[in-house]
Every structure is written in structure tokens, then in C-alpha cells.
Amino acid sequence: MEKIEEKLKILADAAKYDVSCSSSGSKRKNTGGIGDASASGICHTYTEDGRCVSLLKILLTNHCIYDCAFCVSRRSNDVKRAAFTVEEVVDLTMNFYRRNYIEGLFLSSGIFKNADFTMERLLRIVKKLRTEERYNGYIHLKTIPGASEELIKEAGLYADRMSINLELPTEAGLKMLAPEKDHDSVRKPLAFVNQQKQAFKAESKLIKHVPTFVPAGQSTQMVIGATPETDLEIMGVANSFYKDYKLKRVYYSGYVPVNNTSSLLPQIGTTPPLIRENRLYQTDWLLRFYGFQLDELLNTHHQQLDLDIDPKLSWALRNPHLFPVDINTADFNAILRIPGVGKKSALKVVQARKFGRLSEYQVRKMGIDFNRAKFFMRCADTPFSLGALSMASVKNRILREGNSKYKRMMPQAQLSLF
Amino acid sequence: MYYVFDGSYAGFMSCVFESFERKEPGAIPVTELDFQPGLFQEGRTVQTDLAKMERVLRGLRKQLGDQKVLDFFRAFLSEDRKVWLSSFHIIHQIFQAGPAVLTNYGDADVLYFSQTLHKVSRERHRMKAFTRFQKSADGLFFAIIEPDFNVLPLVSGFFKNRYADQRWLIYDVKRRYGLLHEEGYVSEVQLTAPEKDALTDKAATITLDERDAQFELLWKQYFKSTNIESRRNMKLHLQHVPRRYWKYLPEKQG
Ligand code: SF4
């Protein structure tokens, strides 16, 4: 048997490509034992690539009977294999948690023997944490595709969030790289958990003290750039999953090449599509929090997101007739749509203007990216000439002023492309 | 006119009270330590008076509700003299014109106050995240912090709820005090010099739990494994975990 260090190394390494690190959205209280799940979530540290480390993210095992081409743990891959015992996972979680290293546990697993055998082990871990250790911290549990509904249902009583990865945005992509899987095996458990969650909710309206069921909801993840879907297709799938299963988050993970054996996949050494990934997250954000509709940002005439500018700016440039917006009279939603204006700033503007018409010098200080926003808005003292600029020159000026995050984020390897 | 107070929040609020009573809204509160009496510096010592503070707070609560009033305490903990003065002006405005002034972000004091609150809240959040405990042989979980602002009072409730079954001590080395939690009670502690050295010195005189070093090692190793080399982005990393916090983060030490 390997030492615990060795296991942790292998099983954390195999789990890290699952981007979800959210620890928010739960309201689990400490009821006499240890821990609670903070509603806003906490990142306890950050990796050197800038990702949040909130949870102890590990696989129970990286043994797997499947052979998905994009996955490090696929059975045909020649990697070291390891498996934790139930006790080891519990011990690690508790000791990390008590030292305030983590918000909780993110537990996933390769599929060994069969789906139910794996799911049953996962269930034993979360049950032990909740009932024996009286642990109330956060638990994100992967639903194993194909596991029986009884096991999923019981796990839902102990987990804060459950997720199951879509892996590839379309059925066609999945058929190509993971022929043993299909989207249905993802849709079914998502639908089941969602339906259970609604049932528990309805019940808790009638009776007090109904146990919580997956209080932080469900999420899913898609790998981006391994298969040739357009951004329109990707966001279309995300949008319908948000609607159909009331998902809390969809994660987009730029494909990090893990092997050279499949000629269908980008090869090792290819830079992951970080900018594209970022643009997809921005689009997701605009849809969920900024009141945009998908067809405003992506449609048949505009199937790919721009890489050099963010989707909001891109939308604004395509809709010059809506600008400039007068920040002293426009409604909140119109102000929110000005490039360079975020939610907090928009709120500040509408509150502050009750005290008198706002001038440039005041608005500049309200957390607005003024160099960008100035082309799209009017303050009390804005001279009239600005509205006459063509959108093409606005774009050039914004890019020239170097205010675009894109330039800063741009990995050297990709710079030459543009 | 300068109002000289002892540096405590109660002292600050006593200054607010005095300035109303004496009808001196232009007064400037300064601490005894900051105050340098001089030719043009007229100062009056204001006694800290809990009853006076309570009267100001009660007045504010009527206008703003309990939660919003705490914002003045939060801003005070920034230890930023400029925001103290802004708070002072804002409180005067609230009593004159009502609570709406707090959203007048076109006003320099209001904007600075709200920006400071944001900074304090970020530091508070960081201390929830970056505080790291070690376990001693007698079961005490202890941590050293050195926050930019005096946010320890703002995280006490958080740690009390989370580690309810745990004896813990969080010590602010910069401000030389700590909070100790035992059986549901949190109390403020000041350490004697040798006690402090035992806590902060790496060659500690505190005996650690026998498995403590192992878990610290496992944590460091976990941190290393989570990194994806092809996505390395140190600029972003530093933005999230500025260097000044590294000292107390085991994962950022060799
Ligand atoms: S089933 Fe999961 S762990 Fe197994 S190869 Fe496929 S993606 Fe990897």
C-alpha cells in the first residue's frame, strides 16, 4: 500500500482538471459539531495559475473502467493508479478543515467495478463526515453517471452541491471522444436531483425540519476546444441546461492536452484556449446577471465571440443606435449595458444622481472603467461631439489605449496570431 | 478645534457627542498619540464616555437600522485618519438631513467612506481565508495574523461559529492582542513577551501535536499538485495572494 502522501499526489493531480471550486450557495449551519458552509464561499488560497483553492479536490480513485479520450484517468492511459480508503478521506478532510486550509471537500472518482459500487463508497464518506464527525462544512459530490436513484437520493441528503459533467458540449463531440458515454446519462441524474430538490422544497413549506437536499444546487462542466463546436452552440447548450435543470453554474474548461494518442485532440504542448474560456465566462455572466438574451450576444450571423474585445463591448459596437446613454436620465438596465460599467457602479450612479446631475469627475470615481465607458455615455458636462465617432474608431481607440485585459492575458504563443 | 481622544471607538463617538453638544461640527477628532499641540492647534481633551457613545449610536440606529450603524465601526477599524474625519462629517449630515446622504456618492466624504468600507471588508474576508491554525500538543489551535486593518473583531463571530468545538487562539502581532475561544466564549488576550515569542518563533517552545507537521506537509503538497503548469499566471496569483500575506501561509513557504 502506498503512503498517504503518494496517494494524495496522484489523486489530487487527477482531480485538478475539474475547474469547479465554488464553495458558495449553501447555508448549512453549525449544529453543535464543527463547521458551517459560508453562503458567499471562501477561497483559502490560489494556485499559481490564479485559480481559487477552496476545497480539497480529490478523486477517491483514478482506476476507471471507461476510456474517455480527453481524460487522464482513462483506462488505456499509462499512469500510476491509487485509491483512498473511506477513513483516509475523512481524516484528511477533517484535519485540513480544522486548520482552516479549506472550505470543504470536493469528491469525485473514476469508475471502478461499476457505477453503483463507486457511488456507494462516495456515499459512505459523506455520511461518515456528517453523522460521525458532525461535520457541517461544504461538500461537493460528483454524481456517478449510471448510479442508482436510491444512492443518489441518499447522497443528496449529505451533500451541499452535486454535479455531473457534460464533458463535451455536443452529443457529436462526445460520440467522437467518449463513445461509451452519452448526454442522456448526464441529463437523467441532473433531472432526477432537480426533481428531488423541488419535492423537498415543496415539503418544507408544509412541514418544518425537512432535511436539506443539495442546498447549493447542481452544476456541470464542459471541455472547450477539444472538439470543434462554435461559441453559439456551447452557450446554447449552457443556456438550456440552466433552464431545464435550474443549474447554479456551468463551468467552461479550456482543454489542457493530456495525451498524444488520439489524433482527434489537440496535442500536448498546445496552449489551452484561455482567452476563449474567459470570453465564455463573460458571456455566461452577462446572461445571468446583466439581463442579456443569448441572441443579442451570439446568433447565426455572429457565431463566435470576439477574442480581442469582451462580449459586452462587442455587443455595444454592433448596436451604435443605442448609444450614448445619458447616465442622468437612463434607467438602471440601460446604464448596466454601458461597456466599462459594472453592477456596483451602475447602482452608485442611480443613487447618487438623486442628489443632483452627475458630472464626469464624479462618475470617474465610481469604479467605472472610464476610458472605455466615455464613448458610450453622456454626463452632465459631456460635450456633444463625442457621439459622432464611428464604432470602428471607438474600437481602435479602446484597443490602442491598452485597456483591454486581453492584451495582458494574452499568452506569448498566441500573440502572433493577431 | 481639535478633539483629543484615547483612540478607542467609544472615544471617537464621545467626540461626535461633544461636537453636537457644543455645536462645533467643524471639530477634528485626533488621538492622543497623533496630536501635536502647537501654536495654531487648539485642542480639547474629550473623555471616553460609554453613555455618550450609546446615545450617538441610538440616534444613528433610529435613522439607519442596526446593521448600517456597524459600518461606522468597520470604517473606524481601518485606522485611517482620513476616513475617521469623513465618518465624523457624515454623521453630522445624517442628523441634519437624514439617512439618504449615505448614498450621495457624488460627495467626496461619502465616496471615501464607502470605498474604505469596501477595503475593510476585503481585508476581513482575507483573514477568514488566510488564517492558518497549527495544533499544539494540548489541543489548542493557534494562528498568527498581521492584517492591514484591525479586522480581528470582525472575524471573531465567523471563527466562533465555524470552530465551535475547538479551542483556538488568533493573535494579531501588529496590534499585539489576540482572541481566545474556549467552550463557546471568545475573550481578548494580551500575551506576555515569552508567550508571544513561543507563538511566533519557528523554533517554538510550544509542543505541536504529533501529526501537525504531517498535515502541514500534505497541505503544501496538495497545493503544489493543484497547479496546472500550462496555465501559470503569476500576475493573477499575486493579485489574489499579495506577497505580504505569504509569511503566514504554509503553502507559500518552500
Ligand atoms: S468515466 Fe470519468 S474518470 Fe473515467 S475515463 Fe471517463 S471522464 Fe475519466
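What you are looking at is a predicted structure, and each value in this text was computed from that prediction instead of being measured. Labels below follow one simple rule: chain letters A, B, ... track the order of the sequence lines, proteins then strands, and each chain is numbered from 1.
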Heavy atoms, side chains only, cut-off 4.5 Å: are R126(B) and I42(A) in contact? no

Taking the basic N atoms (NZ, or NE/NH1/NH2) and the acidic carboxylate oxygens, is any pair closer than 4.0 Å for D91(A) and R211(B)? yes

Greatest number of non-hydrogen atom pairs under 4.5 angstrom with chain A, of L249(B), L217(B), D212(B), L238(B), falls to D212(B)

Which one wins on heavy-atom pair count under 4.5 Å against chain A: Q239(B), Q214(B), M234(B)? M234(B)

Taken to the nearest 0.5 Å, the spacing of H125(B) NE2 from C43(A) SG works out to 6.5 Å

So which bits of residues 97-116 of chain B come within less than 4.5 Å of chain A, counting non-hydrogen atoms only? A100(B), V101(B), T103(B), N104(B), Y105(B), G106(B), L111(B), S114(B), Q115(B)

Contact part of Y97(A) toward chain B, heavy-atom cut-off under 4.5 Å: side chain, backbone, both or neither? both

Quick one: NZ on K344(A) to NE2 on H118(B), what's the gap to the nearest 0.5 Å? 4.5 Å

Does any backbone or side-chain atom of Q362(A) lie under 4.5 Å from a heavy atom of chain B? Answer side chain, backbone, both or neither. side chain

Part of Y245(B) within contact of chain A (heavy atom distance under 4.5 Å): neither

Parallel, tilted or perpendicular: which one describes the rings of F215(B) and F96(A), with boundaries at 30° and 60°? perpendicular

N/O donor-acceptor pair under 3.5 Å between H237(B) side chain and G50(A) backbone: no

Are any of the side-chain heavy atoms of T45(A) and W219(B) separated by less than 4.5 Å? yes

So, Y101(A) side chain and K220(B) main chain: donor-acceptor pair closer than 3.5 Å or not? no

Side-chain (K9(A)) to main-chain (Q221(B)) donor-acceptor, under 3.5 angstrom: no

Rounded at 0.5 Å granularity, tell me how far CG in D209(B) sits from CG in N95(A). 8.0 Å

Non-hydrogen atoms of chain B under 4.5 Å away: do they reach the side chain of L56(A), the backbone, both or neither? both

Could you walk me through whether R98(A) and Q166(B) pass the side chain to side chain donor-acceptor pair (under 3.5 Å) check? CA-CA 8 Å; R98(A) 287 195 180 281; Q166(B) 209 163 291; 2.7 Å; yes

Between E5(A) (side chain) and L218(B) (backbone), is there a donor-acceptor pair under 3.5 Å? no

Partner set under side-chain hydrogen bond (donor to acceptor under 3.5 Å, both in side chains) for Y46(A), not counting sequence neighbours: none

Say you draw a straight line from NZ of K252(B) to CD of E48(A); how long is it, rounded to the nearest 0.5 Å? 4.5 Å

Atom CZ of residue position R244(B) - does it have more than 12 heavy atoms of other residues, nucleotides or ligands inside 6.0 Å? yes

Are R99(A) and K135(B) side-chain neighbours, meaning at least one heavy-atom pair lies under 4.5 Å? yes

Interface check, chain A: of T226(B), V241(B), L236(B), most non-hydrogen pairs under 4.5 Å belong to T226(B)

Roughly how far, to the nearest 0.5 Å, is OG1 of T47(A) from CZ of F223(B)? 6.5 Å

d(N100(A) CG, R162(B) CZ) to nearest 0.5 Å is 6.5 Å

With the threshold set at 4.0 Å, does a side-chain nitrogen-carboxylate oxygen contact exist between R134(A) and D165(B)? no

